[in-house]
Amino acid sequence: MSSGEEFGSVKSSSYDFLSIERKWQKKWSDSNAFVVSENSSREKCYVLEMFPYPSGSGLHMGHAFNYTIGDIFSRFKRMSGFNVLYPTGYDSFGLPAENAAIKAGVNPKNFTDSAITKFISQQKALGLSYDWDRTLKTSDPEYYKWNQYLFLKLLERGLVYRKKASINWCSKCSTVLANEQVHNGACWRHLDTPVELRHLEQWFIKTTEYADELLNYVDSLQWPERIKSMQKNWIGKSHGTNIIFDINKKFWTIFTTRPDTLFGITFLVVSAQHPLLSDFVVTKQKKSVDSFLRKIRSTKQEDVIDLEKEGVFTGSYAVHPLTGENIPVYAGNFVVADYGSGIVMAVPAHDERDYDFAKKYDIPIKIVVQPKEKKIVPKSLSEAFIGEGVLVNSGSFNGLDSVVAREKITEFLISEKKGGRSVQFKLRDWLVSRQRYWGTPIPVIYCNSCGIVPVPVKDLPILLPANVTFGSGNPLESSDIFVNTKCPRCNSAARRETDTMDTFFDSSWYFLRFANNKNFKAPFDKKIANYWMPVDQYIGGAEHACMHLIYARFFVKALRDIGMVDFGEPFPRLFNQGMIHGVDGFVMSKSRGNVIDPLDSISKYGADSLRVFLISVASPDKDFSWSDTGMESSNKLVQKIFLHLSNVSIGKTSSVDASRINSAIKTVTKNIEQFKYNMAIICLRELFENIGDELSSDDLSSCIRVISPFCPHICEELWELHGFQGFASHSSWPSCDDSRIDNSLDAKENLVDQIVKDIYHVMELNKIRSCEKITIFVAEPWKFDLFSSVKKLLDDSRDVGFILRKVLIGDMKKQSPEVSRLVPLLIKDTKKVSGVILSQNEEFEVLKKSNKIISEKCGSKEVLVIKSQESSDPKARKSLPGKPALLIE
RNA sequence: GCGAGAGUAGCAGAGCGGUCAAAUGCGCAAGCUUCAGGAGCUUGUCCCUCAGCGGGUUCGCAGGUUCAAAUCCUGCCUCUCGCACCA
């Protein structure tokens, strides 16, 4: 009973989380607590979060969530004995900094650097266990020098080239974009700004060279299914046939996946964006084609999504490779210019798009594949039949199954030298040049006599000039000192490339630099990179599925083939965290005004509480909504744990507690490994709900250690408070001793709970006020110490001035006469007996007898509660005499 | 349209063949505590009934497999995300 009082007095106070957190953050920092080296006999584990773009507004809740997930994992792995590399850095080049800097009138460098400083302090406030010695920023010449180096390496390898192409231009960014950066026809940073098509000469990286490998190895990755399917889709491999058509005495290749429908071609369509469209346009048709092109250009991008298929006859005819028929060639708005050859063969009977087009322009429809079940005729055809069937109207191929016919016709075309097998990808080469300032200068020089000349490695880095004019066009062009140079080959006057690199170039190899960030001779040392890489656990959002994650995979494969690393996949394991929504259920965003600043939460509740909250609402891979009450509840949990463990006295752990602790260790270990952090918190919640005030030193240490990945600060404090040596963060992960787990504990606890509830019923029935002293007898035949458990629960609840007397009855089956004697005696001897609680294993006859005696001897105020686990005959029970008696099973 | 994922109590969210009327948190209700408020503690919270036992109906909808389904299969509906005329 006294313990309850003690506990209550402590509860009312709250701990000073701010000073505790500051204290330990400083100690970790001062002692370089999480700095690692590769010279370790321990197994390595590389945990990495996608490094942030350091925006001026600082760390947002999504970052905090992301890093909490990674930090818990890192701390867990570290404690589990791994040599853990857990670094962070800053993807600090990029347009937002440049734009913000222009707006605020400061240099992007200053802007970025102060943003990074802010970021670092916020990350430290979260208690993240980074190796701060390995930090990097991509805008640092010491970093981008190696961007330039690697660019030259790729150039040397033939993986970088320059070409004039139809490219995507964002007017808001005033730069070109890569295919991957065009979302829904708009710029990925400006979803309200449709991209414009421009014809410009740009730098490309041959990602398509690795298309097959990028696709094939997706399946070997332990990534979320969703991301894998997005990548596969993006790479988009199709098998088909190239067919050669003669148009105006020139030969053109056309790609199709349905060579079986070759005899059904009634027209061809050239993309309206096709660079050689004019080759097809005859003089007579020039006017109408031109007006069609004008119309397309004036079409607003937002209407493109459900644009009607339109086209115009070019005046040219193609010769059908097998029948020799003349086929009209159209220009059309629905043909993708840079897929295949930008020209498609149209089979309106068996392709929806071709069908729509043919209907609109009244072009004949010819059926060449008949479905097996129901015959179709052109007249009644209301939509294209795109399924498989049997070939008709196809010369010698009639009667073949369409799947077979694809093969046969392709073979025939090959034998006739009129085609061949082909594989097409949706993946395009990566356009890496950008017409902006705040990025890595592309290390190339244009010389009038030598042409494109790579900058010699000894001249790297090509530094970004400080004095440039922001405003119109590429700022780098405004710097004469930068632009004007000498040709490294012939020493004559030459011009520097003024384009900078897409910042995705920077993030395609940063994980390699973390392994060896102080290397001044090379981007990284091969041996060291091979030691740490690949990243054992990568953590980040899903938005990079088709951008960063493709580029980085490509990069590593290219570096492998150049001989710089020995592995082909940078991130075998990827975890995607969910999105955080505001209290209103919408994604947290400034424009919605539902943003919660992590720092506000930290100053109100502490970092440990915030960390717990972020991972306890839902499984970390799912979206969840912020909730103030949830945040408070997490804070209460952290306080409770801290205060309870602070007050634990060192002694002997009860067997019940030992069981609880060990099974919690087991569960939490499993949960962390599977990223089910929310379940781990539930398990810990239950543990600290029940655990006693006296523990052995070892068990107390286990309790602290098992929560330390989640709440590192309070754990360090508790660790020190109880005199353990070193950092809790450096201690070993507690191991589970199965022999101390009592599997029947749950059942026992349930029984105790039940009895306590029975007691409340007794009180209720008797209208017992809490201030009254009453006596309750617990008769217990159990082997374990039920009595003390019940007593403890009642004591802790502090509700009632119970006098609880222990009555040992033993095995009631054998002692029914004794029970019969005992019960009335108890009642007689005690003035205010309100209840007698008997427990399990009684024979029904015993109950009946006892009950009868009681009801005879007692007034209506007395109650008999019989707790029975082995069910007696329910029918007989109903007929039990005497009221009010409780019979609880 | 194609691809992926999801639909569980007032809400959030576990469970993914039996131990499920379903963890945990929030919310709500009652009791205790308190000068009061807050906090804290205890209990309850699908429906009926009860002091308890018990019974009924549930896990998007409709079927099916099974001795047994929230969990497996089929169809449908709804939602979220990604790609978007890729021939």
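Naming: A, B, ... by sequence-line order, numbering from 1 per chain.
- By the 4.0 Å N-to-carboxylate-O rule, A:Lys360 lies close enough to A:Glu308 to be salt-bridged with it.
- What separates CG of A:Asp356 from P of B:C85 is a distance of 14 Å, to the nearest Å.
- In the set B:U24, B:C83, B:A12, B:C83 carries the atom at the smallest distance from any side-chain atom of A:Trp234.
- With a 3.5 Å ceiling on both atom-pair distances, B:C20 lacks any Watson-Crick or G-U wobble partner.
- When both distances must be under 3.5 Å, the Watson-Crick or G-U wobble mate of B:A84 does not exist.
- Of the candidates B:A14, B:A12, B:C41, the closest approach to any side-chain atom of A:Lys640 belongs to B:C41.
- A 3.5 Å limit on both hydrogen-bonding distances identifies B:G27 as the Watson-Crick or G-U partner of B:U45.
- Residue A:Glu686 is in sugar-phosphate contact alone, with no base atom involved, counting any heavy-atom pair closer than 4.0 Å across all strands shown.
- Other residues, nucleotides and ligands place more than 12 heavy atoms under 6.0 Å from the CG atom of A:Leu197.
- One interatomic measurement links the two molecules: NZ of A:Lys237 to C1' of B:G3, which rounds to 19 Å at whole-angstrom precision.
- Candidate nucleotides B:A14, B:A87, B:A84 were compared by shortest atom distance to the side chain of A:Phe255, and B:A87 ranks first.
- B:A70 sits 10 Å from B:U58 when the P atoms are compared, rounded to a whole Å.
- We find that CE of A:Met230 is positioned 13 Å from P of B:A4, with the value rounded to whole Å.
- For the P atoms, the distance from B:U71 to B:G18 is 11 Å, rounded to whole Å.
- Taking every side-chain heavy atom of A:Lys309 into account, B:C85 is the closest of B:C85, B:A14, B:A87.
- Among B:G40, B:A23, B:A12, the nucleotide with an atom closest to any side-chain atom of A:Val617 is B:A12.
- Comparing B:A87, B:G25, B:A39 by their nearest atom to the side chain of A:Thr256 picks out B:A87.
- The nearest whole Å value for the distance from the CD1 atom in A:Ile641 to the P atom in B:G25 is 13 Å.
- For B:G40, the paired nucleotide is B:C32, the pair qualifying as Watson-Crick or G-U wobble because both relevant distances are below 3.5 Å.
- The interatomic distance linking A:Glu308 (CD) with B:G1 (P) rounds to 19 Å, in whole Å.
- Taking the C1' atom of each, B:U65 and B:C73 are spaced 7 Å apart, rounded to whole Å.
- Here B:A70 sits opposite no nucleotide as a Watson-Crick or G-U wobble pair (both hydrogen-bonding atom distances under 3.5 Å).
- Between the C1' atoms of B:G40 and B:U78, the separation comes to 44 Å (whole Å).
- Taking atom C1' on both nucleotides, B:A14 is separated from B:U24 by 7 Å, rounded to a whole Å.
- Taking the C1' atom of each, B:C16 and B:G55 are spaced 28 Å apart, rounded to whole Å.
- Distance CG (A:Asp623) to C1' (B:U80): 8 Å, rounded to an integer number of Å.
- Contact annotation: A:Lys622 does not reach the phosphate of B:A6 (side-chain N/O to OP1 or OP2, under 4.0 Å).
- Between B:A87, B:G25, B:G5, one nucleotide has an atom nearer to the side chain of A:Ser633 than all others, and that is B:G25.
- With P as the reference atom, B:G13 and B:A87 are 38 Å apart, rounded to whole Å.
- With both pairing distances under 3.5 Å, B:G15 is matched to B:U8 as a Watson-Crick or G-U wobble pair.
- Nucleotides B:C46 and B:G5 place their P atoms 34 Å apart, quoted to the nearest Å.
- Ion pair A:Lys295/A:Glu310 flagged as a salt bridge, since at least one NZ, NE, NH1 or NH2 atom sits closer than 4.0 Å to an Asp/Glu carboxylate oxygen.
- Across every strand in view, B:U58 sits unpaired, with no contact that passes the Watson-Crick or G-U test at under 3.5 angstrom.
- Residue-environment remark: NZ (A:Lys232) exceeds the threshold of 12 foreign heavy atoms within 6.0 Å.
- Ion pairing of A:Asp351 with A:Arg258 is absent here, as no side-chain N (NZ or NE/NH1/NH2) approaches a carboxylate O to less than 4.0 Å.
- Rounded to a whole Å, the CH2 atom of A:Trp188 is 15 Å from the P atom of B:G82.
- Aromatic ring centroids of A:Phe357 and A:Tyr330 lie under 6.0 Å apart.
- Counting non-hydrogen atoms under 4.0 angstrom, A:Val335 reaches a base of the nucleic acid.
- Looking at which nucleotide of RNA chain B each of A:Ser627 and A:Lys676 is closest to, the 5′-most match is held by A:Lys676.
- Considering only side-chain atoms of A:Ser238, the nucleotide from B:A84, B:A87, B:G13 that sits closest is B:A87.
- Comparing A:Glu225 and A:Met345 along RNA chain B, the residue whose closest nucleotide (by nearest heavy atom) sits nearer the 5' end is A:Glu225.
- The side chain of A:His183 approaches B:C83 more closely than any other nucleotide in the set B:C81, B:G27, B:C83.
- Here B:C83 presents its P atom at 13 Å from NE2 of A:His544, a figure rounded to the nearest Å.
- Here B:C53 sits opposite no nucleotide as a Watson-Crick or G-U wobble pair (both hydrogen-bonding atom distances under 3.5 Å).
- Out of B:A23, B:A87, B:A14, the shortest distance to the side chain of A:Asn678 is found at B:A14.
- Distance check: A:Leu684 CG to A:Glu689 CD gives 12.5 Å after rounding to the nearest 0.5 Å.
- For A:Phe65 and A:Trp626, the gap between ring centers reaches or exceeds 6.0 Å.
- In this structure, A:Ser625 reaches neither bases nor backbone, as no heavy-atom distance under 4.0 Å exists between it and the strands shown.
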